[in-house]
Amino acid sequence: METKIIYYTDELNDEFSTAQIKPRKIDGSYPYVKNSPVEKAAHFLLYDVLARPIGRLMMKIIYHHKIVNRKAIKEVGKRGYFLYGNHTNVGADPFVPSYVTYPACPYVIVHPNNISMPVAGKLVEHLGALPLPDDKDAMKHFREAIHYRIKNGSPVVIYPEAHIWPYYTDIRPFKDTSFHYPVDLQAPVFCFTNTYQKKRFGIGVKMVTYVDGPFYPVPVNADGSKNSPKAQRKELRDRVYGVMKERAKQNTVTLVTYIKKEDHD
């Protein structure tokens with residue numbers, strides 16, 4: 001199978017999505033929590049009646065998608081939790097969290113680009129997007145929305161790699177910045193790792209998603225000493241990153257090869 005080659009310079013910041021979108025400014029007037037009867041009805045119609053079933057059909061037909069260990073989510077019952085995943089597929093990434101968290105509705109932290117498209121942007125908003133804020137007032141409302149969703153038993157989804165690298169078969173060394181949310185709320189954490197594997201029968205590739213967790217912040221060590229929030233973030237990030245790196249070894253197909261420029265020159 002012939003593979004595409006992409007050269008990169010920075011694992012943390014290079015972006016390979018081809019979409020060219022001018023992001024809207026997310027300021028203090030942005031309504032992060034949409035709870036009016038009309039908005040709730042629109043969410044149900046667009047998400048539960050249309051997007052989720054259509055997306056599931058698409059995932060099966062195009063990606064032959066399978067989820068392994070989704071039952072792990074049941075351990076936290078009706079508690080809200082954070083879900084971290086690798087960012088490798090423009091078409092599939094908007095849908096995978098929906099089936100990992102089913103029947104709960106996930107709220108996904110996204111770049112403002114995702115809600116800035118004229119028509120699709122509004123749809124994405126109704127599907128549970130939480131765009132990153134651009135100013136102090138918006139940040140306040142953004143944090144309040146995350147707290148609200150977790151306290152009300154919803155999953156909040158984060159792609160810690162931040163940038164899409166299509167069909168990447170490893171895990172990029174993401175920072176621990178986004179792990180301050182579960183530490184602040186002392187909330188459980190799960191992760192999912194998307195992999196690309198050969199189909200057992202016939203030609204083509206299937207997408208297999210592995211779910212792991214729950215992982216919890218550790219505010220107090222076994223010896224009784226306290227962990228600072230910073231230490232908790234790092235420890236939680238390292239556990240999630242280690243599990244995802246291990247799961248990434250399940251990739252058996254390479255559709256895109258990524259080569260660092262300095263290694264190539």
Quick one: does His65's side chain get under 4.5 Å of Arg56's, heavy atoms only?
-> yes
Without swapping roles, check the side chain of Gln232 against the backbone of Pro217 for a donor-acceptor pair under 3.5 Å.
-> no
So, do Val76 and Tyr216 sit near enough that their side-chain heavy atoms are less than 4.5 Å apart?
-> yes
Can Thr3 and Tyr167 be counted as having a side-chain donor-acceptor contact under 3.5 angstrom?
-> no
Considering residues, nucleotides and ligands other than Lys25, do more than 12 of their heavy atoms fall under 6.0 Å from its NZ?
-> yes
Return yes if some donor-acceptor pair links the side-chain N/O of Tyr258 with the main-chain N/O of Tyr8 below 3.5 Å, else return no.
-> no
Using atom types as modelled and distance alone, determine if a side-chain donor or acceptor of Arg52 lies under 3.5 Å from a backbone N or O of Ser98.
-> yes
Can any side-chain N or O of Tyr210 pair as donor or acceptor with the backbone N or O of Ala248 at less than 3.5 Å?
-> no
Donor-acceptor contact present, side-chain Trp165 to main-chain Asp14, <3.5 Å | yes
Sub-3.5 Å donor-acceptor pair from the side chain of Asn227 to the main-chain atoms of Val218, do we have one?
-> yes
Look at atom NZ of Lys40 and say whether more than 12 heavy atoms of other residues, nucleotides or ligands are closer to it than 6.0 Å.
-> no
Evaluate the criterion side chain to side chain contact (heavy atoms under 4.5 Å, CB included) for residue pair Asp212 and Arg247; output intermediate values, then yes/no.
-> CA-CA 9 Å; Asp212 290 286; Arg247 288 296 196 185; 2.8 Å; yes
Under a 4.5 Å cut-off applied to non-hydrogen side-chain atoms, are Thr193 and Val243 in contact?
-> no
Same cluster (ILVMFWY, side-chain, under 4.5 Å), Met58 and Tyr99 = yes
For residues Gly80 and Ala187, report the shortest heavy-atom separation together with the two atoms involved.
-> O-CB, 4.4 Å
Charged N to carboxylate O below 4.0 Å: is that the case for Arg172 and Glu11?
-> no
Parallel, tilted or perpendicular: which describes the rings of Tyr47 and His43, with under 30° parallel and over 60° perpendicular?
-> parallel
Do you know the tightest heavy-atom contact between Arg149 and Lys34?
-> NH2-N, 4.1 Å
Verify side chain to side chain contact (heavy atoms under 4.5 Å, CB included) between Val100 and Ile67, making sure each step is shown before the conclusion.
-> CA-CA 7 Å; Val100 171; Ile67 300 175; 4.1 Å; yes
Is there a donor-acceptor pair under 3.5 Å between the side chain of Ser225 and the backbone N or O of Asn221?
-> no
Report yes or no: do Ser154 and Asn152 form a side-chain donor-acceptor pair below 3.5 Å?
-> no
Please name the residue in the list Tyr181, Tyr107, Phe190 that meets the ring-ring contact (aromatic ring centres under 6.0 Å, His included) test with Tyr81.
-> Phe190
Donor-acceptor contact below 3.5 Å, side chain Ser36 vs main chain Glu39 | yes
The ring-ring contact (aromatic ring centres under 6.0 Å, His included) partner of Tyr241 among Phe215, Phe179, Phe174 is Phe174
Mind checking whether Val110 and Phe16 sit in one hydrophobic cluster, side chains of I, L, V, M, F, W, Y counted as touching below 4.5 Å?
-> yes
Which heavy atom in Ala51 sits nearest to a heavy atom in Phe95, and how many Å separate them?
-> O-CE2, 3.9 Å
In this structure, OH of Tyr196 is separated from OG1 of Thr169 (nearest 0.5 Å) by 10.0 Å
Any link between Ile62 and Leu255 through a network of hydrophobic side chains (Ile, Leu, Val, Met, Phe, Trp, Tyr) touching at under 4.5 Å?
-> yes
Are Met139 and Tyr148 in one and the same hydrophobic cluster, where Ile, Leu, Val, Met, Phe, Trp and Tyr link if side-chain heavy atoms are under 4.5 Å apart?
-> no
CE (Met244) and CD1 (Ile171) are apart, to the nearest 0.5 Å, by 4.0 Å
In short, Ala138 meets Tyr32 closest at the heavy-atom pair O-CE1, 3.6 Å
Gap between atom CG of Leu236 and atom OH of Tyr84 - 0.5 Å precision = 6.5 Å
Hits for salt bridge (charged side-chain N to carboxylate O under 4.0 Å, His left out) against Lys230, two or more places apart or cross-chain, chain-then-number order -> none
Pairwise side-chain contact, Phe192 with Leu83, heavy-atom cut-off 4.5 Å (strictly under) = yes
Residue pair Val211 / Lys71, side-chain heavy-atom distance below 4.5 Å = no
Geometric cation-pi criterion, Arg70 with Tyr102: 6.0 Å, 45° = no
What heavy-atom pair brings Val96 and Met207 nearest, and what distance separates the two atoms?
-> CG2-CE, 4.1 Å
Under 4.5 Å between side-chain heavy atoms, hopping through other hydrophobics if needed: is there a path connecting Leu185 to Phe142?
-> yes
Spell out, as yes or no, whether a donor-acceptor pair under 3.5 Å connects the side chain of Asp93 to the backbone of Thr88.
-> yes
Hey, is NZ on Lys199 packed in by over 12 heavy atoms from elsewhere, all under 6.0 Å?
-> yes
Here the gap from Ile150 atom CD1 to Asp184 atom CG, rounded to the nearest 0.5 Å, amounts to 11.5 Å
What closest approach, in Å, do His163 and Glu15 show between heavy atoms, and which atom pair accounts for it?
-> ND1-OE1, 3.1 Å
Between atom CZ of Arg24 and atom OH of Tyr30, what is the distance when rounded to the nearest 0.5 Å?
-> 5.5 Å
For residues Val256 and Tyr168, determine if any side-chain heavy atom of one lies less than 4.5 Å from a side-chain heavy atom of the other.
-> no
d(Asn251 CG, Gln197 CD) to nearest 0.5 Å is 7.0 Å
Does anything in residues 129-140 pair up under side-chain hydrogen bond (donor to acceptor under 3.5 Å, both in side chains), and if so which pairs, sequence neighbours excluded?
-> Lys140-Glu144
Look only at the side chain of Asn114 and the backbone of His111, and say whether a donor-acceptor pair between them is shorter than 3.5 Å.
-> yes
Regarding Thr209 and Asn194, is there a side-chain donor-to-acceptor distance under 3.5 Å anywhere?
-> yes
